[in-house]
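To find a chain, count down the sequence lines: A is the first, B the second, and so on, and within it residues start at 1.
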Amino acid sequence: MAKSIEYDVLSSSKKKDQDTNEKWGLAEESEYFANKVKLYRQDKLNADEFRRFRLQNGAYGSRLNSEFSMIRIKVPGGDITPSQMEKIASLSESFSIGSAHVSTRQNIQLHWVQLEDVSEVFRGLAEVGLTSREACGNTIRNVMCSHFAGVCPNEPFDTTPHAKAIARFFLRNPICQNLPRKFKFNFSCCAEHGYVRIADVGLVPTIKDGIRGFRIYLGGGLGAASFIGHLLEEFTPESRLLSTSIATIRLYDRLGNRENLARNRMRYLVSEIGWEKFQELLLKERILVEATISIPTKTTFDGFLRSSSKAGDLAINQSTLNSRGKKLPVINSGSSNSPYDRWLNTNVVAQKQPGLYSAYITLGAGDITANQLRVLAECLREFSMEKKARTTPQQNFLIRYIKADQLPKIYNRLSGIGLGNPGANTIVSTVGCSGTTSCNLAITNSHRLAKEIQSKFLELNIDTDHDFVDSTIKISGCPNSCGQHEVATIGFYGGASRIGTSMVPIYTMLFAGSTGESGELGKAVMRVPSKKVIDVVMKIIEIYKKEKTNGEKLNEWIHKVSVGSGTNGVKNMEDMKKILSPIIELPPLTSAPEFYKDYGNDTNFVAKTARGECAA
Amino acid sequence: MCSLSKPLRQKIDRTKTINKPAKKPSLPPLNNICDIDTLRTLIKKNKVRIVDVRKKEDYLKGHIKTAVSLPLAELLANDDPESIIAILNKLGISENIPVVIYDDTFGALASRVAWSFKFVGHENVALLEVTYDTWRKLGLEIERKSNKYPKTSHPLKVDYSIFADAEYIEKAQNDKNKIIIDSRERLNFLTEHIPNSKNIPYTMLRSENSILRSPLELKRFIENRGIDSNNEIITYCGSVGTLSGLTFFALKTAGLSNVKLYPKSFKEWKSLGKPKTEFKDATYWDLSAE
Ligand code: SF4
């Protein structure tokens with residue numbers, strides 16, 4: 001009988017390095033899940049009860065096919081180790097489709113897993129410390145943290161430990177197991193990076209009189225109706241992080257709408273009772289929390305904070321940091337167009353630690369194969385001093401702590417397996433949610449469209465043009481905003497429209513959304529048939545090139561137009577619409593039927609959706 | 001049943017013990033999978049026929065000591081029972097000799113050959129737990145010389161209990177106790193499959209260094225799937241029964257007794273114009289990253 005084989009000869013010695021995996025997952029939860037599936041299959045557990053349980057454990061029903069699930073693996077703070085990547089690689093080969101998918105909230109998703117195999121995936125995840133527990137459902141979702149936290153030249157301090165301590169404190173905590181709806185924390189590193197205005201709780205680190213603290217924004221969020229978060233107070237000291245968080249969750253748990261599925265996120269509560277009222281209630285609640293919070297609770301949290309800080313400590317002398325206040329610069333802006341230089345210009349940024357760099361892996365809408373994950377894991381072990389990576393909300397990876405002389409080597413390794421695409425900090429790095437590839441609520445194939453646009457841009461060498469740095473294209477397959485289209489320079493969300501006698505997949509285009517502490521929501525421009533999106537984007541680029549005034553980047557110009565202060569031919573959105581209108585005309589169905597179909601589908605378009613499980 | 005009287009039997013038994021005290025008991029028949037240690041022991045004792053199912057040219061470059069060559073294509077070219085027996089005879093495989101089979105992929109090619117041997121009545125056959133590549137990397141004995149053994153005459157006892165054809169599948173489709181397993185990868189399965197079949201992709205079966213996971217793990221997998229030993233399983237894959245051959249052995253290893261292979265698989269099913277289940281409500285192919 002075959003034994004389970006472990007041969008030292010077959011695995012490189014490097015692999016034997018013990019990664020420092022933090023423990024989020026529990027092996028027993030795998031068994032528990034397997035049993036529940038059995039009960040459900042034997043009709044001993046009703047469908048609604050099972051569904052709630054399944055979601056709480058991080059498994060969504062797949063699009064129009066309840067035999068299969070999407071497993072959302074939480075990556076707290078976006079922080080992931082090589083052995084975790086390798087495990088995800090092998091789990092994706094065994095039980096999913098051989099690839100994994102980075103989400104816009106720094107999760108990693110495995111699609112089309114047979115429901116009965118989900119427990120096996122959980123088991124594997126727990127082996128490397130990971131969990132998908134509370135990655136879905138009405139609870140606290142993956143806690144996001146800027147991928148630059150710890151290396152950003154503009155940050156007052158590293159917020160990674162805070163993000164992880166919050167994640168740790170609330171995971172499996174009864175206080176948040178049954179909220180009116182999901183709840184999201186986003187930490188940034190500075191005012192510029194991070195998605196703090198579109199979370200239930202968004203936190204920007206700051207220092208006042210030598211004391212660490214945050215500017216906390218509450219009640220933001222994207223969805224069918226989106227809101228920008230409100231600033232709670234000028235300064236919330238680090239010591240009040242826990243009480244403020246608990247107070248917010250308690251208030252929301254008590255007052256949030258549990259009836260109307262469409263209006264039960266905290267942002268609706270804030271907008272219904274008004275910000276001033278909410279703020280007042282919250283500050284009162286916090287006093288109550290602080291008066292009654294037990295010392296052990298506080299000590300526990302402080303313990304989490306300390307241990308996360310320690311886990312993040314590197315064998316790097318932090319005292320040598322001396323480049324405060326610089327923007328993350330690109331290494332050189334030379335005009336050489338070798339593939340390596342292109343990559344260097346748009347994918348590599350200097351860290352606050354002198355001589356160290358971070359490099360992006362530009363993925364296509366977050367997709368990465370099992371083999372690519374393995375090579376990436378090797379690269380981390382070999383080239384990253386922290387031996388870890390971060391997932392980013394642009395659905396990419398960031399490898400940090402690379403020494404300058406290692407950059408050519410890491411590039412060679414990455415490009416050898418298709419991970420060397422340039423354009424990460426430009427419009428080339430398009431974002432697309434799962435869309436019709438797996439999501440029950442999707443109307444259009446946003447995922448494929450994002451990849452199509454990226455290929456087109458790469459083909460046209462758009463990444464080499466400095467005009468497109470900092471611009472983004474983000475696409476959602478329905479109004480629910482998982483693709484975060486409202487914070488994109490040019491955003492799209494999917495829908496359906498009748499043209500003549502046929503239904504056509506269509507996107508609503510938005511302009512001038514942005515992230516960061518001064519982030520704004522995009523404004524709707526017009527509707528564009530799916531197969532015309534690329535033409536429209538190319539036309540916008542053409543007009544911009546004609547109209548831009550000296551040195552103006554695409555996102556700056558689009559913002560100008562969106563507020564009606566454009567120049568010459570394109571003063572405002574109306575002018576824009578006029579110019580674009582002829583482009584979106586569809587040829588007659590009989591002569592060009594492909595324009596009436598969506599990407600990835602050769603049959604006629606129908607907008608089919610199932611009951612949502614809220615895939616955001 | 002044995003017709004010997006009890007005292008006589010005892011006498012024989014005693015004779016055995018008295019007359020051959022030094023001889024170790026003969027090795028038990030192989031049980032679907034053969035580990036490296038066992039194979040090396042068998043080689044040393046010269047008590048095994050090893051079959052290399054890779055391409056002839058690869059065999060000539062090097063193979064496991066004492067192995068004979070049987071490229072899978074050669075078997076597939078003619079895989080009626082008589083032709084398979086002719087192959088056994090040509091390779092010098094007699095009725096009782098243990099046979100161990102290996103390939104250079106992940107056991108699927110070896111599985112198809114091993115299943116065929118079982119099908120014509122050669123019970124004592126197993127897959128080597130590792131591929132040739134792993135064997136070589138471990139620094140184990142290989143050689144270049146082509147091996148040939150005296151011709152044998154293996155009896156033909158076709159075992160239809162491990163065989164299924166399209167007609168059989170059709171009947172099984174609505175039988176709750178019979179489970180049809182599609183061994184192809186998930187996206188192929190979603191695209192189209194035999195109605196009422198379930199998907200266990202072959203990729204689920206292997207571990208990092210072995211062509212099959214441990215029996216314990218495999219057992220847990222199929223238990224999760226609600227399959228138990230009362231079920232009859234029929235496996236199929238895309239074209240010639242290789243991937244599903246591996247599933248056949250995996251399920252056997254996991255302790256299922258009643259497993260059948262549909263060697264002509266989905267290719268034949270489609271060519272016969274039989275109904276398929278297609279899933280067109282999602283664009284899952286666009287998730288693949290290559
Ligand atoms: S709910 Fe809508 S936005 Fe979210 S993943 Fe599905 S299609 Fe995309």
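Heavy-atom distances place the backbone of A:Ile368, and not its side chain, under 4.5 Å from chain B. With a 4.5 angstrom heavy-atom cutoff, A:Ser96 touches chain B only via backbone atoms.
Between B:Phe279 and A:Asn65 the shortest side-chain heavy-atom distance falls below 4.5 Å. Using a 4.5 Å cut-off on side-chain heavy atoms (C-beta onward), A:Asp117 and B:Arg225 make contact. No side-chain heavy atom of B:Arg206 sits under 4.5 Å from any side-chain heavy atom of A:Ser90. The side-chain heavy atoms of B:Leu287 and A:His101, taken from C-beta on, include a pair separated by under 4.5 Å. Taking 4.5 Å as the limit, some side-chain heavy atom of B:Leu190 sits within range of a side-chain heavy atom of A:Phe68. Between B:Tyr284 and A:His111 there is no side-chain heavy-atom pair separated by less than 4.5 Å.
Under the 3.5 Å distance criterion, the side-chain polar atoms of A:Lys451 are matched with a main-chain donor or acceptor of B:Asp286. Between the side chain of A:Thr436 and the backbone N or O of B:Ala282, no donor-acceptor pair lies under 3.5 Å. A donor-acceptor pair is defined here as one N or O able to donate and one able to accept, closer than 3.5 Å; such a pair exists between the side chain of B:Arg186 and the backbone of A:Trp112. At distances below 3.5 Å, not a single donor-acceptor pair connects side-chain atoms of A:Arg41 with backbone N or O atoms of B:Gly226.
Of all non-hydrogen atoms in B:Pro201 and A:Ser94, the two that sit nearest each other are CG-O, 4.4 Å. B:Ser288 approaches A:Ser99 most closely through the heavy-atom pair CA-OG, 4.1 Å.
Ranked by heavy-atom pairs shorter than 4.5 Å toward chain A, the options B:Leu205, B:Asn32, B:Asn199, B:Thr203 are led by B:Thr203. Taking chain B as the reference chain and counting heavy-atom pairs below 4.5 Å, the highest number among A:Lys608, A:Glu67, A:Gln42, A:Gln114 is found for A:Gln114.
Interatomic distance, A:Asn601 CG to B:Trp285 CH2, rounded to the nearest 0.5 Å: 14.5 Å. One distance of note links NZ of B:Lys280 with CG of A:Asp602; it measures 6.5 Å at 0.5 Å rounding. B:Asp281 CG to A:Thr609 OG1: the interatomic distance, rounded to the nearest 0.5 Å, is 11.0 Å.
Within 6.0 Å of NZ on A:Lys38 lie more than 12 heavy atoms contributed by other residues, nucleotides or ligands. For A:Phe50, the CZ atom counts as densely surrounded, since its 6.0 Å shell holds more than 12 non-hydrogen atoms of other residues, nucleotides or ligands. With a 6.0 Å radius and a threshold of 12 heavy atoms from other residues, nucleotides or ligands, B:Lys198 has its NZ atom at or below the threshold.
For the 3.5 Å distance criterion, the side chains of A:Glu120 and B:Asn224 qualify, holding a donor opposite an acceptor. Remark: the B:Thr283 side chain and the A:Asn445 side chain contain an N/O donor-acceptor pair separated by less than 3.5 Å.
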